[in-house]
Amino acid sequence: MKIYNSLTRKVEEFIPHNKKEVTMYTCGPTVYYYAHIGNLRTYISEDILEKGLNYLGYKVKRCMNITDVGHLTGDSDTGNDKMSVAAKKEKKSVLDIAKFYTNAFYKDMEKLNNKIPDIVSSATDNIDKYIEMIEKLLKDGYAYKSGGNVYFDTSKFPNYYELSGRSRDEMLLAVRDDVEVDEKKKNPFDFGLWFTDSKFNEQQLKWDSPFGVGYPGWHIECSVIAISNLGEYLDIHCGGIDNLFPHHTNEIAQSESYLGHKWCKYWVHMEFLNDKSGKMSKSNGDSKDLNSLIEKGYDPIVYRYFCLQSHYRKTLVYSLEGLDIATNAYNKLKRKINFIKNNRDGEIDDEAIEMYQNMFKDAFSNDMNTSMMLTVLYDVIKSDINNNTKYYLIEDFDKVLSLNLLKDEEVSSEFLDYVNKKIEERNKAKEDKNYKLADEIREELKLQKVIIKDTREGTTFEVLR
Ligand code: AMP
Ligand code: ZN
């Protein structure tokens, strides 16, 4: 397995700390709102990484945090706690907001066939452990108290800029608009480990601590949750590319200062999903969540398919036209697979299985090349091997791809009523010579995997499931 490591900026051979068991940490959602489809792209890539490693024979122990405190609107200690802002806006308590959007997150994961990580831990459940880590960092001189807060002293950690690949001055220039001049900090990139008075006018959740009543910084939660659940040596740490600086940079600084040795070996960052206007963000008020796609008639699994067609290290531009193309391609694929499923014949061909499995493994091992993995699937379908062997391989690959390739979805009577109503509307539109509307209805049904045919006997339809 070869994977791009942001730390070395190279595609590297993957060698876990323990030969067969891989530890994997993935930054989870900040649960102040629905995850947008950009967040979900990252979770899909992480899911494929975990399942692909399983496919290669590794046992993966994976942990994810749920951020329900401490993530400020600016990643560099600026602004207010995102959770508090949302609670105020929705006139609910922070814990109610957290519960609601954590559930929504689980539902999205399920709809996308993303496995929930083995361990999921909420930030608010680990307060004692943050305090313990901060105390040690203070004792060892890596942290200092200032103006009621506790800060990490970045000047004490010489490798601070390693992950970013930049020097201190380059970094200062790069982020000059985002870094607030804070009199309390000794160095511009120092970051809060514990806040008491400066940032917490709006803060609902506060805890007692040796440093005063307050709340933890966002970065410390991932270090603590990762180390306490996965041990002192971490194999893989994932997140979206925006997390590389400052979040992951700060995680490395505090974890390695605390542990006294190197912590995580492979840093895997997922590139952004953008829309045509630019970055997609939960906080710019124009986010696109999975339910909004479902309401427009798109299948969440088609969104997964859409993501898998591109490489996780390339920016993916989202558009409804792109999703329409993916819908057509996915439906076509399902139709071909249905044919194979309904015409199973022949003896299992072990040699062919091994050959295609190796091709599939190679595609995954090539820095998680998901589009190449799909190509191998298409190669199997196109090949002249018998249908039983094809069926076996499709089922096998779908353990990683999780595209419901062999699943028969039930068609409910409500859905059939809806289709019949739409067909009546379309017939009426045709009678009225409103062909534009008739075509729109056909397209709307197509998105829901309903293919209509006009025959001499009337309009018939087929539901592709
Ligand atoms: P958050 O809920 O903001 O803490 O983000 C959850 C995950 O989504 C993190 O790994 C982020 O780096 C990632 N992320 C945020 N925005 C995007 C985006 N537009 N495309 C892909 N991943 C993103
Ligand atoms: Zn994190």
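Indexing begins at 1, ligand by ligand and atom by atom, following the structure's order.
- Neither the backbone nor the side chain of Met270 comes within contact range of ligand 1; no heavy atom lies under 4.0 Å.
- In this structure the side chain of Cys264 never reaches within 4.5 angstrom of the side chain of His248, judged on heavy atoms.
- A cation-pi arrangement is present between Arg313 and Tyr4, with the terminal nitrogen or guanidinium carbon under 6.0 Å from the aromatic centre and inside a 45° cone about the axis.
- When each of Ile134, Val224, Ile227 is tested with Lys129 by the rule side-chain contact (heavy atoms from CB on, under 4.5 Å), just one qualifies, namely Val224.
- For Lys92 and Phe100, the positive end sits near the middle of the six-membered ring, less than 6.0 Å away and at most 45° from its axis.
- Looking at Asp242 next to ligand 1, an N or O pair under 3.5 Å apart turns up.
- A donor and an acceptor atom, one from each side chain of Tyr305 and Asp299, are nowhere located under 3.5 Å apart.
- Numbered from 1 in the order shown, with element, the atoms of ligand 1 that lie under 4.0 Å from a heavy atom of Thr42 read 10 (O), 13 (C), 21 (C), 22 (N), 23 (C).
- By the 3.5 Å distance cut-off applied to N or O atoms, Tyr43 is not counted among the residues near ligand 1.
- Near Gly239, with a cut-off below 4.0 Å to any heavy atom, the atoms of ligand 1 are 10 (O).
- Contact of the Trp194 side chain with the Asn149 side chain is not registered, since no non-hydrogen atoms from C-beta on lie closer than 4.5 Å.
- Take a cut-off of 2.8 Å around the Zn ion (ligand 2): the protein N, O or S atoms inside it are Cys27 SG, Cys222 SG, His247 NE2.
- The shortest N/O to N/O separation between Lys82 and ligand 1 does not fall below 3.5 Å.
- Distances from ligand 1 to the non-hydrogen atoms of His247 include no value under 4.0 Å.
- Taking only nitrogen or oxygen atoms, main chain and side chain alike, Gly38 reaches within less than 3.5 Å of ligand 1.
- Remark: Lys91 pairs with no residue by the side chain to side chain contact (heavy atoms under 4.5 Å, CB included) rule, at least two apart or across chains.
- For the pair Lys399 and Tyr55, the cation-pi test (distance below 6.0 Å, angle within 45°) is failed.
- Of all atoms in ligand 1, listed by their number and element, those nearer than 4.0 Å to a heavy atom of Gly28 are 4 (O), 6 (C).
- Of the polar atoms of Glu46, none of the N or O atoms is found under 3.5 Å from an N or O of ligand 1, judged by distance alone.
- By the 3.5 Å distance cut-off applied to N or O atoms, Phe272 is not counted among the residues near ligand 1.
- Atoms of ligand 1 found under 4.0 Å from any heavy atom of Asn243, numbered from 1 in the order shown, are 9 (C), 10 (O), 11 (C), 12 (O).
- Atoms of ligand 1 lying under 4.0 Å from at least one heavy atom of His36, given by number and element, are 16 (N), 17 (C), 18 (C), 19 (N).
- Remark: ligand 1 and Pro29 share no N or O pair separated by less than 3.5 Å (distance only, no angle test).
- Look at Lys99 and Asp96 and you find no salt bridge, because none of the NZ, NE, NH1 or NH2 atoms lies under 4.0 Å from a carboxylate O.
- Listed by chain and residue number, Tyr33, Tyr34 satisfy the ring pair (Phe, Tyr, Trp, His ring centres under 6.0 Å) test with Tyr101 (two or more places apart in sequence, or in another chain).
- Ligand 1 is never approached by Ala35 to a heavy-atom distance shorter than 4.0 Å.
- Between Pro29 and Met64 the shortest side-chain heavy-atom distance falls below 4.5 Å.
- Geometrically, Lys206 does not engage Tyr215 in a cation-pi contact defined by less than 6.0 Å to the ring centre and at most 45° from the axis.
- Listed by atom number, the atoms of ligand 1 under 4.0 Å from Thr30 heavy atoms are 1 (P), 2 (O), 4 (O).
- Ionic pairing of Arg304 and Asp47 is present here: one or more N-O contacts between side-chain nitrogen and carboxylate oxygen are shorter than 4.0 angstrom.
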Distance-only donor-acceptor pairs under 3.5 Å for side chains of residues 321-329, two or more places apart:
{"residue": "Glu321", "atom": "OE1", "partner": "Lys276", "partner atom": "NZ", "Å": "2.8"}
{"residue": "Asp324", "atom": "OD1", "partner": "Tyr298", "partner atom": "OH", "Å": "2.6"}
{"residue": "Thr327", "atom": "OG1", "partner": "Leu323", "partner atom": "O", "Å": "2.7"}

